[in-house]
Every structure is written in C-alpha cells, then in structure tokens.
Student: 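Dropping a structure here in structure tokens format, bear with me for questions.
Order of the sequence lines sets the chain letters (A, B, ...), proteins ahead of strands, with each chain counted from 1.
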Amino acid sequence: MELNNFRDPKLIKEIIAELSNWQKPIKLMEVCGSHTMAIGHWGIRKLLPKTIKLLSGPGCPVCVTPQSIIDAVLQLEDVTIVTFGDLMRVPGSSSSLAEAKSQGRDIQLVYSPLDALKFAETKETVFVAIGFETTIPGIAQTILEAKKKNLENFSILSSLKTIPPALKALLQSQDIKIDGFILPGHVSVIIGKKAFSALPRKYGIGGVITGFEPLDIFIGIKTLTDQISENIPQIQNKYSRVVKDEGNITAQNIIKKVFVTCDTEWRGLGEIKNSGLKLGDEYQQFDAFQKYQISLKPTKEPEGCRCADVLKGKAIPPECKLFGNLCTPTNPIGPCMVSGEGSCAAYYKYES
Amino acid sequence: MCLAIPAKLIEKKGEIGIVDLGGVNKEISLAFVPQIKEGEWVLLHTGFALEIISEKEAQETIELLQAAYGIK
Ligand code: SF4
C-alpha cells in the first residue's frame, strides 16, 4: 500500500503557499493526542502563517482521566490490576500505579484488553478501562468474551469517555473561541461523520476528519480555512481511506450491546453529561464499581498545574509556570506532561 | 492512545486474523470487519482491526489533489 504519497513534499508546499496568504486570525483545535504529536513531530506550527493558531483540546484519554480513578484503583486489594501502559505514571492524589507496582502490587500491562482475560483465569482481575471511541469497541468485545467464557473473576473499572459531548461542552462553556475542529481520525473510524453533526448545526462551528500524515493535517487545515472564508461550517471527511461517513456500524452495535451512556468526570473539564459509558444491565457482573462498592472521592489538582486550562485550549503549555523547570517528562506534575500524547509533553519535546 | 497502524491481513480464520507487522506475524481480532478478505489492509488498534483501509480512496485523494494543483 502506497501511503508515502501522504508525505509528498510537492503537494504539501502547494498547500502551505496557499495558506500563507491567510489574513483573518483563527484558532483551530485538534482533539486527538496523535494529532498533537504529529503536529509537533512534523513542525507544522512553524509552517503556518501567524494568523492560524493550533490549539490542543481534551484529546488524550490519559490526560482527562480524573485522579479519583487512580486513587480508587489503588484502594483495591488482593486483585490483579490490568491496564494500558499509558496510565501507569499518572499521579493520583498520593501515588501512581507505577509506584504501587514497584512496591510489589500486582499490576499488569497489556497491549490488548483481550489479554486481560487470561489473568482472570487464575486470579481476581480488574481491568482499568480508559479510552475513547477508538478503544471502546475492543473493550466491549472483551466483555462479550468474558461473558461467553463465564469468567467470574473479571471486572472492569470504566472511565471510558466519548468525544462529541466533550466538544459540545467546550463550545457551551464559551471559555474560548474556536473557529474549527481538526477531528480525531481514529475516533471517527468508529463513530463516523454524523456523530459530529451538532457542531455546525447548533454551534456554527465546522470540523474536518483527517489522518495523521503531514499532508492529511495540511489538507485538514486548508479545508477549515475554506469553510471559514465561505462561511459554510460543516463536517467534512478527508480521511476517507479509513473513515466511512457512517462509521463502523458493526463496532457501534457491539458498543451499544454492552454499554450505556452515563455522566462522567473529565479531568480539567469537570462533569460532562452523557459523555461516559458504563456497563448495561446484562453485564453488571463485570462492573468493578458494583463488585467492590467503589465510590470516587473528590481530589485536588497539583498546585500551580494549568492542565485544566491546557485541556480547554485556554493556555498553551509554556504559559504554565512549572513547564520545563519543575514539570518535565522525567518528573511530570500534571497528566498533560505524563502522557506521551499530552500537550505539555508534545510542547516539551518539539517546541521548546 | 488512539494510535492505530496499518497492517496487511495475510490469513483469516473466522474472527481471528493474522497480520504481517513488518515481517512479524501477529494474531488480531476481526470482530469489527467480518467482511474482510485476505490481502486487504487493516487499521490495527489494541489487537483489533478497526476498519479496512481502502487503497482506492487513498489513491483518489492524492489524484484529486494532484489535479487541483496541476502536479503529476
Ligand atoms: S507543564 Fe506540567 S504542571 Fe504545567 S500544565 Fe503542563 S502538566 Fe500541568
């Protein structure tokens, strides 16, 4: 498969040349950690005129996982805790999963949620489920497998989140004026274009679904500037090589079978209505919240950390006083520096 | 975390597929792409094929751009 075309310097130069004439100051927000990293990696900010600002939104599942989830996981005793590696170093109120593991707690990392099931064959196992729509179908499928195998030792602690409600909440809060969204490509593979239709209809803001190669990102930005100059906000799919307009219906059906929506807390954004997923009635036996009677306790953000503003696009990482001196990737204070896909980590690596 | 990578499906055994990841074979779930055929490319994430990658769409995107900018 010839995907190198999406790095074609000739095409990229043409688009950059067109964008260089852009006059009106605009702010475009990307809401996917992989876009944040790609923009940093390819040095895209430096290739844009000063009038086009790129902001990062709440696009990194690790960064928006509240500390209370980490605290709750650490309260669980005598169980095998299984999760994705990204979550390990996120500080809870007092400790992180990585610290707990170094002190001997049974914490296992997996690449696929399906791998969590094998631990449950011998021991009580709790899978800490974080992620957006990209990751959710795999976790739903894992629950179906657990049910098929009748695994009594398995449950999940769900902090799963869905993107469209978060974007609406951002627009409703009117903390910041956004002129267009660079929409998350791999979330869109699952939910399709329709899932974002309220953005132009209700809020008059357009969005473009795009991929992660440099040409993809420039196409995305160009598409949004075209929408803005013609004043026709809409959702456009420029990642048609993998995103179908209707999304992946098979995966959507599996999600619907297993999960129902619930309100959930986003780190930095607070509670957002209907933005979370919990297990539906038929799958309650796999709900760790029920099984272990867990209730989440309020937490305080680390002193001075501006992750909340960074996640809303209200501040860029260097505007945080801790950035680069007290808070670095080897010694992170907030979640935006912990995750490789967090805005602070991306700025630290590529722009400072 | 939503990182997903392209991989070629070399074998299909019901809901299980084998992909070639740069010379290494890996077993993945095809639960979301039951219609897939061997030889097609998938977008792989946490052990699941999220979608089939359309070579035709990829080519068309590039050709449209090349035409728009008069490049060949
Ligand atoms: S630099 Fe560190 S402390 Fe400051 S906002 Fe980012 S993660 Fe939080």
Student: Look up atom CG in Asn5(A) and atom CD in Gln66(B), then write down how far apart they are to the nearest 0.5 Å.
Tutor: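 Spacing of CG (Asn5(A)) from CD (Gln66(B)) equals 6.5 Å.
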Student: Would you mind checking which part of Glu133(A) comes under 4.5 Å of any heavy atom in chain B, side chain (CB onward), backbone (N, CA, C, O), both or neither?
Tutor: neither
Student: Does Pro34(B) reach the side chain of Thr250(A), with side-chain heavy atoms less than 4.5 Å apart?
Tutor: yes
Student: What distance separates Thr135(A) OG1 from Phe48(B) CZ, expressed to the nearest 0.5 Å?
Tutor: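 It is 10.5 Å, given to the nearest 0.5 Å.
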Student: Run the side-chain contact (heavy atoms from CB on, under 4.5 Å) test on Leu215(A) and Ile62(B) for me, step by step, so that the C-alpha distance in whole Å, both residues' side-chain angles and the decisive distance to 0.1 Å come before the verdict.
Tutor: CA-CA 10 Å; Leu215(A) 183 58; Ile62(B) 294 293; 3.8 Å; yes
Student: Please check if the side chain of Asn248(A) supplies one atom and the backbone of Phe32(B) the other of a donor-acceptor pair under 3.5 Å.
Tutor: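 Checked: pair present.
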Student: Determine whether Lys10(A) and Tyr69(B) satisfy the following criterion, side-chain contact (heavy atoms from CB on, under 4.5 Å), listing intermediate values before the conclusion.
Tutor: CA-CA 9 Å; Lys10(A) 274 195 254 141; Tyr69(B) 291 110; over 6 Å; no
Student: Return the minimal non-hydrogen interatomic distance between Glu57(B) and Arg241(A), and the atom names on each side.
Tutor: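 Glu57(B) and Arg241(A) have their closest heavy atoms at CB-CA, 3.6 Å.
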Student: Is it the backbone or the side chain of Lys222(A) that comes under 4.5 Å from a heavy atom of chain B, or both, or neither?
Tutor: side chain
Student: Checking side-chain contact (heavy atoms from CB on, under 4.5 Å) for the pair Ile219(A)/Leu65(B): CA distance, chi angles, key distance, verdict?
Tutor: CA-CA 9 Å; Ile219(A) 294 173; Leu65(B) 277 176; 3.5 Å; yes
Student: Does some side-chain heavy atom of Phe212(A) sit less than 4.5 Å from a side-chain heavy atom of Leu3(B)?
Tutor: no
Student: State the CG-OG1 distance between Asp216(A) and Thr61(B), to the nearest 0.5 angstrom.
Tutor: 8.5 Å
Student: Do any N or O atoms from the side chain of Ser112(A) and from the backbone of Thr46(B) form a donor-acceptor pair under 3.5 angstrom?
Tutor: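 Yes.
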Student: Examine whether an atom of Leu11(A) lies under 4.5 Å from a heavy atom of chain B, and if so say whether it belongs to the side chain, the backbone or both; otherwise answer neither.
Tutor: both
Student: Can you tell which part of Pro137(A) gets under 4.5 Å to a heavy atom of chain B, answering side chain, backbone, both or neither?
Tutor: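 Interface part for Pro137(A): both.
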Student: Is the NZ atom of Lys12(B) crowded by more than 12 outside heavy atoms at less than 6.0 Å?
Tutor: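 Check passes, neighbour count above 12.
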Student: side-chain contact (heavy atoms from CB on, under 4.5 Å) for Lys244(A) and Glu51(B)? Distances and angles first, verdict last.
Tutor: CA-CA 9 Å; Lys244(A) 298 200 195 104; Glu51(B) 191 52 270; 3.3 Å; yes
Student: Looking at Thr134(A) and His45(B), what are the two nearest heavy atoms and their distance?
Tutor: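 In terms of heavy atoms, the two residues are closest at O-CD2, 3.4 Å.
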Student: Please classify the contact between Glu15(B) and chain A as side chain, backbone, both or neither, with a heavy-atom cut-off of under 4.5 Å.
Tutor: side chain
